[in-house]
Chemist: 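What follows is a structure written as structure tokens; I'll ask about it next.
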Amino acid sequence: MKEFKRITVTAALPYANGPLHIGHLSGAYLPADIYVKYQRLRKRDIIFVCGSDEHGVAITIRAMKENLSPQQIVDKYHHLLKDTFQKMHIDFDIYYRTSSLLHHQTAQEFFKKFYDNHQLIEKETYQYFDTEKQIFLADRYINGTCPKCGYENAYGDQCEKCGTSLSPDELIRPKSALSNSVPIKLPTKHWYLPLNEYQAKITQYIDSHPEWKNNVLGQCRSWLNDGLQPRAITRDLDWGIPVPLKDATGKVLYVWFDAPIGYISATKALLPNDWQKYWQDPETKLIHFIGKDNIVFHCIIFPIMLMAHGDFILPDQVPANEFLNLEGNKISTSRNWAVWVHEYIHDFPDKIDVLRYVLTATLPENKDNDFTWKEFQQRNDSELADIYGNFVHRVTTLLHKYYDGHIPDNIDLQVIDIQALEDCKKAVQAMGNNIENFRFRDALAEMLKIARIGNKYLMDKEPWKTFKTNELQTQTTLYVAAQITACLALASQPFLPETYLKLKQILNLPDYDFQNFWSSNNTFEILPSHHQIDKPFILFEKIPDEIIEQQIQKLQQTPKSHVMLKPFKNNIAYEDFDKVDLRVGTITYAVKVPKADKLLQLTIHDGIKERTIVSGIAEHFQPEELLQKKVVFVANLEPRKLRGILSEGMLLTAEDSDGKLHLISPFGEPNNGSIVK
RNA sequence: GGCUGGGUAGCUCAGAUGGUUAGAGCGUUGGAUUCAUAAUCCAAAGGUCACGGGUUCGAUUCCCGUCCCCGCUACCA
């Protein structure tokens with residue numbers, strides 16, 4: 001394996017439109033932090049950069065919702081995120097932000113370099129502009145007549161009827177899907193990064209990393225097999241980084257383009273004079289910690305940007321985790337199904353390490369994993385309190401009881417004593433190997449194993465018995481037990497930073513540099529004979545059932561009390577409402593639409609005849625259970641083809657806060673065709 | 001529907017480039033022990049390794065097909 005001089009570690013930039021939840025921690029930040037803490041202890045030259053991702057449409061939408069400016073939104077969440085990371089002891093060397101001037105300059109330099117070297121495709125197109133909404137329309141938001149088959153409701157990018165790929169320009173009689181107004185054509189210029197030109201190089205690059213995780217390689221190959229396409233790197237928007245060209249007012253860099261450059265900007269801010277060697281020296285190892293949703297950006301698109309630029313090294317590892325579920329369901333911000341980290345910190349201010357421990361023990365390294373409060377309690381109680389905390393407590397108590405808190409002599413070392421120390425050493429080494437190979441769960445298990453070794457050792461040697469019969473052996477036993485405890489303390493540093501500090505106090509650990517603890521093969525002596533330790537105290541309290549119950553209840557109640565209801569729409573005239581013809585009908589036939597997950601094709605008797613309605617409810621209802629059900633539908637909606645089937649109307653449904661759909665049906669038995677108003 | 005990844009003990013997960021008795025932790029049961037936060041230690045029970053075919057002397061591991069779960073994507077008037 002290649003030896004590197006230094007390491008650059010990035011963790012995915014969190015999006016500054018909401019707080020952090022435990023899924024974020026377990027996806028990227030916690031494993032990254034453990035890795036970095038470990039490497040720092042090994043005295044490796046390493047930097048750890050991150051920051052808030054503050055651009056993009058979602059920010060502007062959030063701003064409108066909260067009635068604040070985009071800048072106010074990102075300020076608010078940037079500080080919350082930064083504070084949360086700090087309290088969880090995720091120790092970035094810098095936590096930066098993409099709204100900073102330096103980042104704007106860095107991203108613009110990237111663009112400018114591509115532009116000046118003619119690496120971008122420049123397309124001035126006349127794009128449709130909705131004068132009513134004052135916005136350029138994405139292809140999808142333009143409807144019109146298909147030039148091939150004459151179908152009247154083709155989209156700007158594709159005709160659903162004949163399946164042809166289209167561009168909006170080909171449409172006859174286009175109209176805006178947002179306002180139904182006729183859009184006018186305005187010239188707009190955009191720049192594209194021709195990803196396709198790098199297909200061969202990026203394929204070669206991916207192939208040169210067979211050591212990457214399966215999920216990462218799979219996603220990449222899937223993308224490469226489909227063939228890469230040029231990708232627009234600019235947008236018409238007013239929140240973002242201005243395109244650094246004269247004739248580009250009102251244009252910003254697309255957020256996917258600027259965000260990963262944020263890693264570089266952050267490094268520049270951290271090391272203004274020295275940043276290059278962390279990004280441009282081939283002897284630097286670049287590692288991106290991310291969640292599985294970010295794979296292609298970090299393995300294909302960003303590397304292409306770096307390749308295209310030419311001065312940069314490429315990522316050497318991209319350890320992407322799968323997702324963490326919560327109590328059996330997906331974590332969802334919109335449904336508020338999440339454990340918010342800042343709330344956890346508020347509820348459990350002295351249990352930061354417990355969350356770090358439990359999340360590390362259940363990292364979704366190879367497949368999705370589930371976080372439950374019960375497991376949280378159980379791991380705290382039986383692993384941290386019983387195995388880890390209690391071991392430390394019994395050793396320190398024995399030392400005080402028998403030797404007034406002094407480490408005794410070790411003049412009677414037997415095979416069993418040496419073996420225990422050797423086993424600890426092995427565990428430490430295995431821990432290091434696992435961390436180097438991004439296996440953090442296994443690494444954590446090795447750490448706990450040290451406490452297990454200690455517990456077993458005490459049981460085997462029974463110093464409470466030998467104290468009365470064999471003074472020399474008791475001394476040796478407690479000497480060895482003290483070393484094991486100190487070993488456990490040092491090994492805990494990457495995982496449990498607060499616990500380490502507590503142990504440091506209890507054991508009165510000197511400010512000695514323990515670097516050789518990680519590397520040497522010798523049996524170690526951390527606490528010399530006659531060393532004085534401090535009084536012990538409880539490291540991990542058990543968590544009572546009530547506390548766990550409270551958290552579970554809080555979780556189950558919040559979706560109902562905290563649902564973000566959409567604001568009500570503006571008032572409309574009665575005449576406008578009256579235009580909608582709502583009727584009662586009976587479902588007489590229902591079948592799944594082939595090759596579509598969400599669509600059901602329904603036949604509805606509307607009182608006069610039968611009509612076909614295609615509805616996106618397949619995930620919520622079985623076709624059979626709908627038969628003979630009375631429903632309410634919109635009878636005068638412009639017919640439209642969906643998946644090649646003409647849909648004449650629309651079923652009314654109510655979507656609850658869980659995203660579940662409920663059909664609207666009449667109370668009573670009105671006959672088909674009855675008017676609903 | 002297309003494309004990744006996954007489906008291994010009650011639970012959470014490892015693992016095998018195909019080969020004698022498939023592993024860990026938790027949980028359960030039995031025993032030992034008392035220095036310690038009723039903590040600890042030992043032992044046992046528990047698995048047709050999703051299902052059906054194929055290749056092979058031999059497959060849970062490779063190939064094909066089917067079913068199920070997460071994600072991306074298309075379709076949700």
Side-chain angles (χ1 to χ4, degrees), chain A residues 143 153 158 160 177 213-223 225-226 291-296 320 322-325 330 361-372 374-375 378-379 381-402 439 441-442 444-445 448-449 451-452 454-467 474 477-478 481 536-542 592-600 613-620 633-634 637-653 655 661:
Chain A
N143 295 336
N153 269 307
Q158 196 183 13
E160 288 300 319
K213 288 164 73 167
N214 281 344
N215 55 347
V216 175
L217 287 174
Q219 282 264 341
C220 290
R221 298 217 169 99
S222 159
W223 259 61
N225 286 342
D226 290 346
K292 70 173 161 181
D293 50 339
N294 254 324
I295 289 174
V296 286
E322 300 282 309
F323 282 167
L324 187 69
N325 294 327
K330 299 185 225 192
T362 56
L363 285 180
E365 288 175 339
N366 294 304
K367 58 181 173 187
D368 291 354
N369 209 337
D370 198 32
F371 176 93
T372 64
K374 209 167 153 270
E375 181 177 356
Q378 204 232 323
R379 283 194 185 269
D381 290 0
S382 73
E383 294 177 16
L384 287 178
D386 293 349
I387 294 173
Y388 187 120
N390 183 53
F391 168 66
V392 172
H393 197 246
R394 58 200 296 216
V395 173
T396 48
T397 308
L398 283 169
L399 280 168
H400 275 283
K401 207 165 182 172
Y402 297 160
R439 303 165 61 116
R441 269 198 325 226
D442 288 349
L444 185 71
L448 192 66
K449 191 172 171 185
R452 290 181 199 278
N455 277 322
K456 180 170 165 51
Y457 175 74
L458 285 184
M459 204 61 189
D460 290 344
K461 299 276 318 245
E462 299 182 303
W464 48 89
K465 276 188 186 164
T466 60
F467 186 61
T474 310
T477 301
L478 286 187
F537 55 85
I538 301 290
L539 286 174
F540 300 101
E541 301 275 0
K542 296 208 177 186
K592 268 207 81 185
V593 175
K595 300 190 181 183
D597 284 355
K598 297 187 181 173
L599 298 182
L600 284 187
I613 289 180
V614 180
S615 184
I617 57 172
E619 285 172 334
H620 301 89
F633 67 97
V634 185
L637 204 61
E638 195 69 41
R640 166 155 164 190
K641 284 245 177 183
L642 289 170
R643 284 269 148 191
I645 303 160
L646 191 66
S647 178
E648 308 162 293
M650 171 176 154
L651 282 200
L652 295 193
T653 58
E655 181 174 3
L661 294 183

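What you see is a predicted model, and the numbers here were worked out from it, not measured in a lab. Lettering of chains follows the sequences in order, A, B, ..., and the numbering in each one begins at 1.
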Chemist: Roughly how many Å apart are B/G5 and B/U73, using the C1' atom of each and rounding to a whole number?
Modeler: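 About 15 Å, rounded to a whole number of Å.
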Chemist: Which residues pass the ring pair (Phe, Tyr, Trp, His ring centres under 6.0 Å) test with A/Phe540, not counting sequence neighbours?
Modeler: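 A/Phe540: ring pair (Phe, Tyr, Trp, His ring centres under 6.0 Å) contacts with A/Tyr388.
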Chemist: Taking all heavy atoms of A/Ala320 and all of A/Lys213, pick out the closest pair and write down the distance.
Modeler: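 Taking every non-hydrogen atom into account, O-NZ, 2.9 Å.
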Chemist: Using a heavy-atom cut-off of under 4.0 Å over every strand shown, decide if A/Phe467 touches base, sugar-phosphate, or nothing.
Modeler: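 Nothing: the residue A/Phe467, judged by heavy atoms under 4.0 Å, touches no strand.
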Chemist: Rounded to whole Å, please give me the gap between CZ in A/Phe323 and P in B/C72.
Modeler: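 Going from A/Phe323 (CZ) to B/C72 (P), I get 6 Å.
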Chemist: For A/Ile387, report the nucleic acid contact type (base, sugar-phosphate, nothing); a contact means any heavy atom under 4.0 Å.
Modeler: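 Sugar-phosphate contact only - A/Ile387 comes under 4.0 Å of backbone atoms but never of a base.
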Chemist: Return the NZ to CD distance between A/Lys598 and A/Glu619, rounded to the nearest 0.5 Å.
Modeler: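 Reported to 0.5 Å precision, the distance equals 5.5 Å.
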Chemist: Rounded to the nearest angstrom, tell me the gap between atom CG in A/Asp597 and atom P in B/A74.
Modeler: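 Result: 12 Å.
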Chemist: Among B/U40, B/A36, B/G71, find the nucleotide with the atom closest to the side chain of A/Lys292.
Modeler: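 Shortest atom-to-atom distance from the side chain points to B/G71.
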Chemist: Sequence neighbours excluded, which residues qualify as side chain to side chain donor-acceptor pair (under 3.5 Å) partners of A/Lys461?
Modeler: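 Testing A/Lys461 for side chain to side chain donor-acceptor pair (under 3.5 Å), a comparison that skips the adjacent residues, returns A/Asp417, A/Thr477.
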Chemist: Within this structure, what is the CG-to-P distance between A/Asp381 and B/A38, rounded to whole angstrom?
Modeler: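 Spelled out: CG on A/Asp381 to P on B/A38 is 12 Å.
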Chemist: Determine the interatomic distance between C1' on B/U55 and the same-named atom on B/C70; round to the nearest Å.
Modeler: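 About 32 Å, rounded to a whole number of Å.
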Chemist: Separation of A/Arg643 atom CZ from B/A77 atom P, in whole Å?
Modeler: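 Going from A/Arg643 (CZ) to B/A77 (P), I get 14 Å.
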Chemist: Using the C1' atom as the point on both nucleotides, what is the distance between B/G53 and B/A14, in whole Å?
Modeler: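 After rounding to an integer number of Å, I get 29 Å for this pair.
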Chemist: For nucleotides 14-16 of chain B, which of its nitrogen or oxygen atoms have a protein nitrogen or oxygen under 3.5 Å away, and what is each distance?
Modeler:
{"residue": "B/A14", "atom": "OP1", "partner": "A/Asn366", "partner atom": "ND2", "Å": "2.6"}
{"residue": "B/A14", "atom": "OP1", "partner": "A/Arg441", "partner atom": "NH2", "Å": "3.2"}
{"residue": "B/A14", "atom": "O5'", "partner": "A/Arg441", "partner atom": "NH2", "Å": "3.2"}

Chemist: Are any of the side-chain heavy atoms of A/Val614 and A/Lys641 separated by less than 4.5 Å?
Modeler: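 No, side chains not in contact.
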Chemist: Can you name the side chain to side chain contact (heavy atoms under 4.5 Å, CB included) partners of A/Asn325, sequence neighbours left out?
Modeler: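 Result, side chain to side chain contact (heavy atoms under 4.5 Å, CB included) vs A/Asn325: A/Lys330, A/Asp368, A/Asp370.
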Chemist: Taking for each residue the nucleotide of RNA chain B with the nearest heavy atom, is it A/Asp386 or A/Glu383 whose nucleotide lies nearer the 5' end?
Modeler: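 The residue mapped nearer the 5' terminus is A/Glu383.
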Chemist: Mind checking salt bridge (charged side-chain N to carboxylate O under 4.0 Å, His left out) for A/Arg379 and listing every partner two or more places apart, or none if nothing turns up?
Modeler: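 Here the qualifying residues are A/Glu375, A/Glu383.
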Chemist: How would you label the contact of A/Thr396 with the nucleic acid (heavy atoms, under 4.0 Å): base, sugar-phosphate, or nothing?
Modeler: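 It contacts nothing in the nucleic acid.
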Chemist: On RNA chain B, does the nearest nucleotide to A/Leu384 precede the nearest nucleotide to A/Cys220 from the 5' side, or the other way round? Give the residue.
Modeler: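 Taking each residue's closest nucleotide, the earlier one in sequence belongs to A/Cys220.
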Chemist: Looking at A/Lys542, I'd like to know whether one of its side-chain N or O atoms comes within less than 4.0 Å of OP1 or OP2 on B/A39.
Modeler: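 Affirmative; the distance criterion is met.
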Chemist: May I ask you to check whether over 12 heavy atoms, not counting those of A/Lys449, lie within 6.0 Å of atom NZ?
Modeler: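 No.
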Chemist: With 3.5 Å as the limit, what N/O pairs link the protein to nucleotides 27-30 of chain B?
Modeler:
none

Chemist: The criterion is side chain to side chain contact (heavy atoms under 4.5 Å, CB included); which residues satisfy it with A/Thr466, sequence neighbours excluded?
Modeler: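 Result, side chain to side chain contact (heavy atoms under 4.5 Å, CB included) vs A/Thr466: A/Pro463, A/Thr469, A/Asn470, A/Gln473, A/Thr474.
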Chemist: Which nucleotide wins on minimum distance to the side chain of A/Leu599, given the candidates B/U4, B/C76, B/C70?
Modeler: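 The answer is B/C76.
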Chemist: Dot-bracket for RNA chain B, 5' to 3', with Watson-Crick and G-U pairs under 3.5 Å, [ ] for crossing pairs and | for other-strand pairs: what is it?
Modeler: (((.(((..((((.....[...)))).(((((.......))))).....(((((..]....)))))))).)))....
Chemist: Give me the distance, rounded to whole Å, that separates B/G27 from B/U40 when you measure between the P atoms they each carry.
Modeler: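 Nearest-Å result for B/G27 against B/U40 at atom P: 9 Å.
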Chemist: Using a strict heavy-atom distance below 4.0 Å, which residues from residues 458-466 of chain A are in contact with RNA chain B?
Modeler: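 A/Met459, A/Trp464, A/Lys465, in order of number.
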Chemist: Can you sort out the partners of A/Glu462 under side chain to side chain contact (heavy atoms under 4.5 Å, CB included), two or more places apart, ordered by chain and number?
Modeler: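 Applying side chain to side chain contact (heavy atoms under 4.5 Å, CB included) to A/Glu462 gives A/Trp464, A/Lys465.
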Chemist: Applying salt bridge (charged side-chain N to carboxylate O under 4.0 Å, His left out), name anything that partners A/Lys401, two or more places apart in sequence or on another chain.
Modeler: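 Listed in chain order: nothing, the list is empty.
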Chemist: If we take the P atom in both B/U34 and B/C51, what is their distance in whole Å?
Modeler: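 About 48 Å, rounded to a whole number of Å.
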Chemist: To the closest 0.5 Å, what do you measure between NE2 (A/His393) and CG (A/Leu398)?
Modeler: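 That separation rounds to 10.5 Å.
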Chemist: Is A/Arg394 near enough to B/U33 that one of its side-chain N or O atoms lies under 4.0 angstrom from OP1 or OP2?
Modeler: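 It does not, given that no N or O in the side chain of A/Arg394 lies less than 4.0 Å from OP1 or OP2 of B/U33.
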Chemist: Sequence neighbours excluded, which residues qualify as side chain to side chain donor-acceptor pair (under 3.5 Å) partners of A/Thr396?
Modeler: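 With neighbours one apart ignored, the set is empty.
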Chemist: Contact class for A/Lys401 vs. all strands (heavy atom < 4.0 Å): base, sugar-phosphate, or nothing?
Modeler: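 Answer is sugar-phosphate: A/Lys401 comes under 4.0 Å of backbone atoms only.
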Chemist: Taking side chain as C-beta onward, heavy atoms only, is A/Val296 less than 4.5 Å from A/Gln219?
Modeler: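 They are in side-chain contact.
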Chemist: Which heavy atom of A/Gly616 sits nearest to which heavy atom of A/Leu661, and what is that distance?
Modeler: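 Shortest heavy-atom separation between A/Gly616 and A/Leu661 comes out as O-CD1, 3.8 Å.
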Chemist: Would you say that A/Lys592 contacts A/Leu600 through its side chain, given a criterion of any heavy-atom pair below 4.5 Å between the two side chains?
Modeler: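 Side chain of A/Lys592 against side chain of A/Leu600, heavy atoms only: contact under 4.5 Å found.
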Chemist: Taking only the side-chain nitrogens and oxygens of A/Lys449, find out if one of them lies under 4.0 Å from OP1 or OP2 of B/G25.
Modeler: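 False: A/Lys449 side-chain N/O out of range (4.0 Å or more) of B/G25 OP1/OP2.
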Chemist: If we only count heavy atoms from C-beta on, is the A/Trp223 to A/Ile295 side-chain gap below 4.5 Å?
Modeler: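 Answer no - side chains too far apart.
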Chemist: Of the listed nucleotides (B/C35, B/C76, B/G25), which one gets closest to any side-chain atom of A/Lys598?
Modeler: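 For the A/Lys598 side chain, the nearest candidate turns out to be B/C76.
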Chemist: Looking only at N and O atoms, is any donor in the side chain of A/Lys330 or the base of B/C70 less than 3.5 Å from an acceptor on the other one?
Modeler: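 Such a pair does not exist between side chain and base.
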Chemist: Quick one: is B/C42 close enough that its OP1 or OP2 comes under 4.0 Å of any side-chain N or O from A/Lys456?
Modeler: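 Answer yes for this pair, as a side-chain N or O of A/Lys456 is under 4.0 Å from OP1 or OP2.
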Chemist: Could you state the CE-C1' distance from A/Met650 to B/C76, rounded to the nearest angstrom?
Modeler: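 Rounded to whole Å, this separation is 10 Å.
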Chemist: When you compare B/G23 with B/G65, how far apart are their P atoms, in angstrom units rounded to a whole number?
Modeler: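 Looking at atom P only, B/G23 and B/G65 are 32 Å apart.
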Chemist: Taking atom C1' in both B/G31 and B/A59, compute the distance separating them and give it to the nearest angstrom.
Modeler: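 Approximately 40 Å lies between the C1' atom of B/G31 and that of B/A59.
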Chemist: Distance check needed: B/C76 P versus A/His620 NE2, whole Å only.
Modeler: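 Going from NE2 in A/His620 over to P in B/C76 covers 16 Å.
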Chemist: Without decimals, in angstroms, what is the distance between A/Ile295 CD1 and B/C70 C1'?
Modeler: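 In whole Å, B/C70 C1' and A/Ile295 CD1 are 12 Å from each other.
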Chemist: CG of A/Asn369 versus C1' of B/G7: gap in Å, rounded?
Modeler: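 To the nearest whole Å, that distance equals 14 Å.
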Chemist: Using the C1' atoms only, state how far B/U29 lies from B/U48, rounded to an integer number of Å.
Modeler: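 It comes out at 26 Å once rounded to the nearest Å.
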Chemist: How would you label the glycosidic angle of B/G58: syn (within 90° of 0) or anti?
Modeler: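 This nucleotide is in anti.
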